[in-house]
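All of these numbers come straight from a predicted model, not from anything done at the bench.
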Amino acid sequence: MGCGLLGAKTGLKVRELLETLPILLLLVVLCGLDWALYSIFDTIRHHSFLQYSFRSSHKLEVKVGGDSMLARLLRKTIGALNTSSETVMESNNMPCLPQPVGLDARAYWRAALPIGLLVCLCLLQAFGYRLRRVIAAFYFPKREKKRILFLYNDLLRKRAAFTKLRRAAILRRARQQKAPRHPLVDILHRGCPLLRRWLRRRCVVCQAPKTPESYVCPTLDCEAVYCWSCWDDMRQRCPVCTPREELSSSAFSDSNDDTAYAG
């Protein structure tokens, strides 16, 4: 019963971890997309930067020659119009370029922290369920006893059903082995040594290829093949040719306990 409950808890953990997998994949995709967009925009900003520099100088000068009074008057009057200027203008396209801002390590940690907490809760949830059962058993011991008896009887029923299914699978495989093979299979078995591993007979329990150490049932019209480990698991009794009444249910189960329901 403990193995069954342990398997159920393990299956529950795996299922909950699989449920968190889409969220984790979404986080990875978003972080990767953010890094890719930042790299693209940063490359555009560095390689598309243009700077323009414009310089111009302007000088206006009027020269009036002569020493007459009119020449001196014109020099004083028009000389005030003499100007000189120099223009320097620099411009660039920086305002038109993207300005990406990359996420720092703190932002990534803040995004990954809830996912990590969710995974930890999935792993610790089974212990929380166990603590809930312990608290309920402390306040309601009779109810806990009924619960344990129900789980034990349910495990025995499932074990009996599994025994029937397992014996039926062994009988089906044994009938398939006794069926006559196609002549082409025999030709390939004799002519192609590389295919003999897949064409030779297999253990009716674990489907391992037949080896010289494999056990073959000596009963006529049976000749079922077993590897030595499976033959020991079968308590050295062939379920194919042995009547069902002579087989104990414990021969196919994982425990030596008697199959008796608790009351």
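Here the closest non-hydrogen pair linking Asn93 and Ser48 is ND2-O, 2.9 Å. Nearest approach of Pro98 to Phe41, heavy atoms of both residues: CG-O, 3.9 Å. Scanning both residues, Ser214 and Pro209, for their nearest heavy atoms gives OG-O, 4.3 Å. Across all their heavy atoms, Pro239 and Leu171 have their closest contact at O-CD2, 3.8 Å.
The environment of Phe49 atom CZ is dense: over 12 non-hydrogen atoms of other residues, nucleotides or ligands sit within 6.0 angstrom. Residue Arg133 qualifies as enclosed at atom CZ: its count of foreign heavy atoms under 6.0 Å is above 12. Counting non-hydrogen atoms of neighbouring residues, nucleotides and ligands closer than 6.0 angstrom, the OH atom of Tyr108 exceeds 12 such neighbours.
Once rounded to the nearest 0.5 Å, the distance linking CD of Glu86 with OG of Ser56 reads 8.0 Å. Note that CZ of Arg110 is 10.5 Å distant from CG of Leu103, once rounded to the nearest 0.5 Å. Remark: Leu26 CG to Leu21 CG distance equals 11.0 Å, nearest 0.5 Å. Rounded to the nearest 0.5 Å, atoms SG (Cys203) and CH2 (Trp231) are 10.5 Å apart. Residue Arg130 holds its CZ atom at 13.5 Å from CD1 of Ile135, rounded to the nearest 0.5 Å. Here the CG atom belonging to Asn153 is positioned 12.5 Å from the NZ atom belonging to Lys158, to the nearest 0.5 angstrom.
A heavy-atom distance below 4.5 Å is not found between the side chains of Lys210 and Arg202. Considering only heavy atoms from C-beta on, Arg55 stays 4.5 Å or farther from Ser57 through its side chain. Residues Val88 and Phe54 form no side-chain contact, since every pair of their non-hydrogen atoms from C-beta on lies 4.5 Å or further apart.
Both Leu131 and Phe138 belong to a single network of hydrophobic side chains, linked directly or stepwise wherever heavy atoms of I, L, V, M, F, W or Y lie under 4.5 Å apart. Both Leu118 and Leu24 are assigned to one and the same hydrophobic cluster, defined by single-linkage of ILVMFWY side chains at heavy-atom distances under 4.5 Å. Residues Val205 and Val240 share a hydrophobic cluster, clusters being chains of Ile/Leu/Val/Met/Phe/Trp/Tyr side chains in contact below 4.5 Å. Cluster membership check: Leu27 does not share its hydrophobic cluster with Tyr38, using side-chain heavy-atom separations under 4.5 Å among Ile, Leu, Val, Met, Phe, Trp and Tyr. At a threshold of 4.5 Å between side-chain heavy atoms, the hydrophobic network of Ile, Leu, Val, Met, Phe, Trp and Tyr places Trp109 and Ile115 in two separate groups.
The salt bridge (Lys or Arg N to Asp or Glu O under 4.0 Å) search around Asp232 returns none, not counting sequence neighbours.
Proximity of a side-chain donor or acceptor of Asp154 to a complementary backbone N or O of Phe150 within less than 3.5 Å is not detected. The closest donor-acceptor contact from the side chain of Arg45 to the backbone of Pro100 lies at 3.5 Å or more, if one exists at all.
Between Trp228 and Tyr215, the ring planes lie tilted relative to each other; the angle falls in the 30° to 60° range.
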Worked verdict on Thr20 versus Cys122 for side-chain contact (heavy atoms from CB on, under 4.5 Å): CA-CA 9 Å; Thr20 60; Cys122 292; 3.7 Å; yes
side-chain contact (heavy atoms from CB on, under 4.5 Å) evaluation trace for Arg147 with Leu151: CA-CA 6 Å; Arg147 174 181 175 273; Leu151 293 176; 3.9 Å; yes
